[in-house]
Amino acid sequence: MKIVTWNVNSLKARLPLVLDYLRAAKPDVALLQETKSTDDSFPTLEIEELGYNIARHGQKSYNGVAILSKLQLEDVRSGLPGDPADDQARYIEAVIAAPGRPVRVASIYAPNGNPVETPKFDYKLAWLARLQTHAAELLAYEEALVLGGDMNVILSDDDVYDPRAWEGDALFRPESIGALRTILNLGMTDAYRACHTEPHRYTFWDYQAAAWSKDHGIRIDYLLLSPQATDRLQACAIDKQVRGWEKPSDHVPVWAEIGE
DNA sequence: ATGCCGGGCGAAGCCCGA
């Protein structure tokens with residue numbers, strides 16, 4: 001089962017690119033973030049034509065997450081538990097009903113958190129703490145689980161072109177790194193790092209300052225696997241070439257192959 | 001370089017992202 005995560009930065013603006021990618025890469029499951037689509041404005045027909053079932057959780061203008069799956073979706077849950085007052089559409093999960101070998105997946109868009117020293121950073125840390133609590137609950141199921149998405153955290157100096165340039169940024173603050181490490185320490189595996197040890201492999205390049213042509217990127221999009229999913233991990237890669245396509249997102253897809 | 005792009009909203013210019 002090929003599972004891809006991708007922050008598309010507006011599904012409406014990116015629809016031709018997304019459809020091209022789905023046709024070429026043929027993922028069984030696509031976890032999308034920053035769809036910026038309400039559930040009513042979601043391009044359902046175009047995506048269903050490619051053979052995908054859809055679960056989406058959107059809002060107007062901002063955020064928005066979705067799960068596309070060629071297999072049936074079950075037990076769909078929208079919204080990250082832990083704060084009924086939080087109305088930002090940043091989390092959706094579902095079970096991919098592979099016969100005999102189901103996989104629970106989540107599409108996650110963690111808050112950016114900038115500028116620090118503002119409520120935005122507090123919200124980010126509180127949100128990641130809620131994700132930790134929920135991840136612990138899901139891990140207790142002892143099933144194949146894939147938490148995929150834009151975590152908005154740079155885990156180490158190896159995941160950024162110039163650590164000094166990001167010093168103090170909400171994505172690289174010790175509190176942010178600690179929050180994501182705490183989730184990994186529950187027993188989850190960073191799929192890309194399980195397959196690749198070489199440093200300086202990125203998933204995001206800013207539109208500005210010629211970041212792409214200079215390879216000034218950061219790795220902030222992850223597939224986090226439960227032990228049961230890690231046992232089935234066969235391959236993982238970053239589809240970097242998509243950043244060079246026409247009218248790209250600033251993020252690129254990251255995929256993992258989870259065996260049967 | 002706390003906004004150089006790029007998108008949403010909505011029809012000019014502000015909000016937001018990382």
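Here is how names work: the chains are called A, B, and so on, in the same order as the sequence lines, proteins then strands, and each is numbered from 1.
Side-chain contact, A:Q59 with A:T38: no donor N or O sits under 3.5 Å from an acceptor N or O. A side-chain donor-acceptor contact under 3.5 Å links A:E93 and A:H134. Judged by distance alone, the side chains of A:D221 and A:N7 never bring a donor and an acceptor atom under 3.5 Å apart. Side-chain polar atoms of A:N185 and A:T182 form no donor-acceptor pair below 3.5 angstrom.
A cation-pi arrangement is absent between A:R219 and A:Y202 under the rule of less than 6.0 angstrom and at most 45 degrees off the ring axis.
Note on ring orientation: taking the six-membered ring where Trp is involved, the planes of A:Y21 and A:W245 are tilted (angle from 30° to 60°).
Residue pairs meeting the ring-ring contact (aromatic ring centres under 6.0 Å, His included) criterion with at least one partner in residues 42-72 of chain A, sequence neighbours excluded, are absent.
If A:A209 and A:F204 are placed on DNA chain B by their nearest nucleotide, the residue sitting closer to the 5' end is A:A209. Position along DNA chain B of the nearest nucleotide to A:Q208 versus A:D150 favours A:Q208 as the more 5'-ward residue.
Atom name C1', nucleotides B:dA12 and B:dT2: the rounded distance is 23 Å, in whole Å. A distance of about 36 Å separates the P atoms of B:dA11 and B:dA1, rounded to the whole Å. Comparing the P positions of B:dG10 and B:dC16 gives an interatomic distance of 15 Å, to the nearest angstrom.
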Kindly give the atom pairs (protein nitrogen or oxygen, nucleotide nitrogen or oxygen) under 3.5 Å for nucleotides 6-9 of chain B.
residue: B:dG7; atom: OP1; partner: A:R14; partner atom: NH1; Å: 3.1
residue: B:dG7; atom: OP1; partner: A:K247; partner atom: NZ; Å: 3.1
residue: B:dG7; atom: O3'; partner: A:S10; partner atom: OG; Å: 3.1
residue: B:dG8; atom: OP1; partner: A:S10; partner atom: OG; Å: 2.5
residue: B:dC9; atom: OP1; partner: A:S61; partner atom: N; Å: 3.4
residue: B:dC9; atom: OP1; partner: A:S61; partner atom: OG; Å: 3.4

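A:N152 comes within 4.0 angstrom of sugar-phosphate atoms only, judged by non-hydrogen atoms across all strands, and of no base. Within 4.0 Å of A:N7, counting heavy atoms only, lie sugar-phosphate atoms of the nucleic acid but no base atom. Contact annotation for A:K120: backbone-only contact, meaning every heavy-atom pair under 4.0 Å involves sugar-phosphate atoms and none involves a base.
Distance CZ (A:F121) to C1' (B:dG17): 16 Å, rounded to an integer number of Å. In this structure, A:Y123 atom OH and B:dG17 atom P are separated by 10 Å, rounded to whole Å. Going from atom CG of A:N114 over to atom P of B:dT2 covers 11 Å, rounded to whole Å. Straight-line distance from the CD atom of A:Q88 to the P atom of B:dC15: 17 Å, rounded to whole Å. Distance, A:W166 CH2 to B:dT2 P: 11 Å, rounded to whole Å. Atom CH2 in A:W127 sits roughly 16 Å away from atom C1' in B:dG17 (whole-Å rounding). Here B:dG17 presents its P atom at 15 Å from CD of A:Q33, a figure rounded to the nearest Å.
Residues passing the side-chain hydrogen bond (donor to acceptor under 3.5 Å, both in side chains) test with A:W205, sequence neighbours excluded: A:D215. Not counting sequence neighbours, A:K26 has no partner by the side chain to side chain contact (heavy atoms under 4.5 Å, CB included) test.
The hydrophobic cluster containing A:V116 does not contain A:W127, counting ILVMFWY residues as joined when their side-chain heavy atoms lie under 4.5 angstrom apart, directly or transitively.
A heavy atom lying under 4.0 Å from DNA chain B marks the following residues of residues 167-174 of chain A, by number: A:L171. Scanning residues 210-218 of chain A for heavy-atom distances under 4.0 Å to DNA chain B yields A:I218.
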Check your understanding: Given the rule in the side chain to side chain contact (heavy atoms under 4.5 Å, CB included) test, do A:T133 and A:R130 qualify, once you have shown the distances and angles that lead to the verdict?
Key -> CA-CA 5 Å; A:T133 299; A:R130 285 163 55 203; 5.6 Å; no
Practice item. Take A:N9 and A:Y207, measure what side chain to side chain donor-acceptor pair (under 3.5 Å) needs, and give me the verdict at the end. Key: CA-CA 12 Å; A:N9 185 17; A:Y207 290 118; 3.1 Å; yes
